[in-house]
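Working notes for the structure below.
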Amino acid sequence: MGGSLNANHLLFLGHGALWTIGLSLIAFAGGGIAAFIIALCRISPNRAVRIVTAGYVQLIQGTPLLVIMFLSYFGLSAIGFSISPLAAAGASLTVYVSAYLGEIWRGCIQAVPKPQWEAAEGLALTKAERMTKVILPQAIRIATPPTVGFMVQIIKNTSLASVVGFVELARAGQIINNSLFEPFLTYSVIAVIYFALCYPISRLSRRLERRSGLPRIKPVTA
Amino acid sequence: MDTNGAVVSARDVHKSFGPLKVLDGIDFEVQRGEVMVIIGRSGSGKSTALRCLDRFETIDEGEIIVCGHHVSDPNIDLRALRQDVGIVFQSYNLFPHLTVEENIILAPCSVKRASKTAAKEQAKRVLAQVGLEEKLHYYPEQLSGGQQQRAAIARSLAMQPKVMLFDEVTSALDPELTGEVLKVIEALAADGMTMVMVTHEMGFAKGIADQVLFMHRGKVHESGPATILTSPTTPELAQFVGKEL
């Protein structure tokens, strides 16, 4: 017991940091796919589809990620579906990300001016062609800065996976602290690592926002 | 089918937005090669009438046939209709993420399955038609309003429409830029393109229209050859064109 922070500890933290990155990637990929579907459902011409997905978004946005984690790990195993901490954390983050990113992307799709749809329609493009060739390329430009910004939230929120026993960066820090009893030092190191992961992405987001170079159609002045 | 050779025909068209009656029994016909100009105050229903022809608005009653397509039929093949009808809007609506050339070849390549080479050749031709051949690789934001509108006209022409609809296409432009766009439209008319246009350019309407429709409160209040603009018979049109009866 005791001792001081040594190379082995740092190696262990590094390992945890890799899982933080891995879990972030899982959350971003899984959540991204789900979010795209959510965004499309939210602007569906079908009212029932819109209402159901709006309900889903409200439900998830109104539930703490911590509770979603508990539900998917302890809750599911209590009713007979035992899943690994990684699966539980990955699924929880996917659900969480889908609700937020889905709304961000819905807004970005709807931010493309409506006349763009009409112009595409007037050129006899099908609905799918209008979406993929005219609307989405413009929506993606609008969506890039907020999406990159949201990735920072995802990275930080993976720390909640520690509550289901998944050893990512925060949990690795807890474990080390349990043997070192140096909370200030240990958690400072953890904080620095999180910062090192997040800061470049925030910078990127801010840069993208500054030159959010969507060539806009000049507003009609008459 | 219409039998009298009309490219566009509207019969007893009614349309309401909620309690507001926008079109209250409209009739007109446009023959092949004819230019029909629709004029009227804001809110008289002229833009709605035009938009109904390309089914951007659906109508409540009546019948519209455009190039043999029954536009009022709920089962209409919209893709076929819109290949025959070109529409140009007040706000140009070029796709900002695409160059002028990409804007023009998008629909021919995806809708008509034209080869890229053929579509690019055609893009050059239609751009020459509107006097913009040197702007092929520009993005819309790099063009003036008048140039953007001419590029939008070229984009429509690339689909080789049988009829062109113009919805106040110069209303967002200053007089100088308006002139360059109107010149393009004049050239199209001289080439025999069938056109329906909503405009506030009375001088231009006088020169180009085979038929003028004056709309007032959702009805065709007065119609006839372009001479009705100089010698109107109803007080409303007289007031609109600023003439004493």
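Below, chains carry the letters A, B, ... as their sequence lines are ordered, and counting in each starts from 1.
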ask   = Between B:Val111 and A:Leu125, which heavy-atom pair has the shortest distance, and what is it?
value = CG2-CD2, 3.7 Å

ask   = CZ of B:Arg51 to CD of A:Glu118: how many Å apart, nearest 0.5 Å?
value = 4.0 Å

Neighbour count above 12 (heavy atom, 6.0 Å) for B:Glu134 CD = yes

ask   = How close do A:Gly122 and B:Ile87 get, heavy atom to heavy atom, and via which atoms?
value = CA-CG2, 4.0 Å

query = For A:Phe36, does the CZ atom have more than 12 heavy-atom neighbours from other residues, nucleotides or ligands under 6.0 Å away?
reply = no

inquiry  = Please check if the number of heavy atoms outside B:Arg79 that lie under 6.0 Å from its CZ is greater than 12.
reply    = yes

request  = Please say whether more than 12 non-hydrogen atoms of neighbouring residues, nucleotides or ligands are located less than 6.0 Å from OH in A:Tyr199.
outcome  = no

message = To the nearest 0.5 Å, what is the distance between CD on A:Glu121 and CG on B:Leu78?
response = 7.0 Å

Separation between SG of B:Cys109 and NZ of A:Lys133, rounded to the nearest 0.5 Å = 8.5 Å

Interchain contact, B:Phe89 with chain A, by part (heavy-atom threshold 4.5 Å) = side chain

message = Measuring from atom CG of A:Leu123 to atom OG of B:Ser156, what distance do you get when rounded to the nearest 0.5 angstrom?
response = 5.5 Å

message = Tell me which of these, B:Arg55, B:Glu168, B:Arg155, B:Lys112, has more heavy-atom pairs under 4.5 Å with chain A than the rest.
response = B:Arg155

ask   = Counting heavy atoms not belonging to B:Tyr138, are there more than 12 under 6.0 Å from its OH?
value = no

query = Heavy-atom count around A:Phe81 CZ within 6.0 Å, excluding the residue itself: above 12?
reply = no

query = Where on A:Glu129 is there a heavy atom nearer than 4.5 Å to chain B: the side chain, the backbone, both, or neither?
reply = side chain

request  = Return yes when atom CZ of A:Arg50 has more than 12 non-hydrogen atoms of other residues, nucleotides or ligands closer than 6.0 Å, and no otherwise.
outcome  = yes

note = Bottom line for B:Val88: the part with an atom under 4.5 Å from chain A's heavy atoms is neither

remark   = Here the pair of heavy atoms bringing B:His97 nearest to A:Pro137 is CD2-CB, 3.3 Å

task = Output yes when a side-chain donor or acceptor of A:Gln116 lies under 3.5 Å from a complementary backbone atom of B:Leu94, and no otherwise.
result = yes

query = Using a cut-off of under 4.5 Å for heavy-atom pairs, which of A:Thr126, A:Val134, A:Val112 has the most such pairs with chain B?
reply = A:Val134

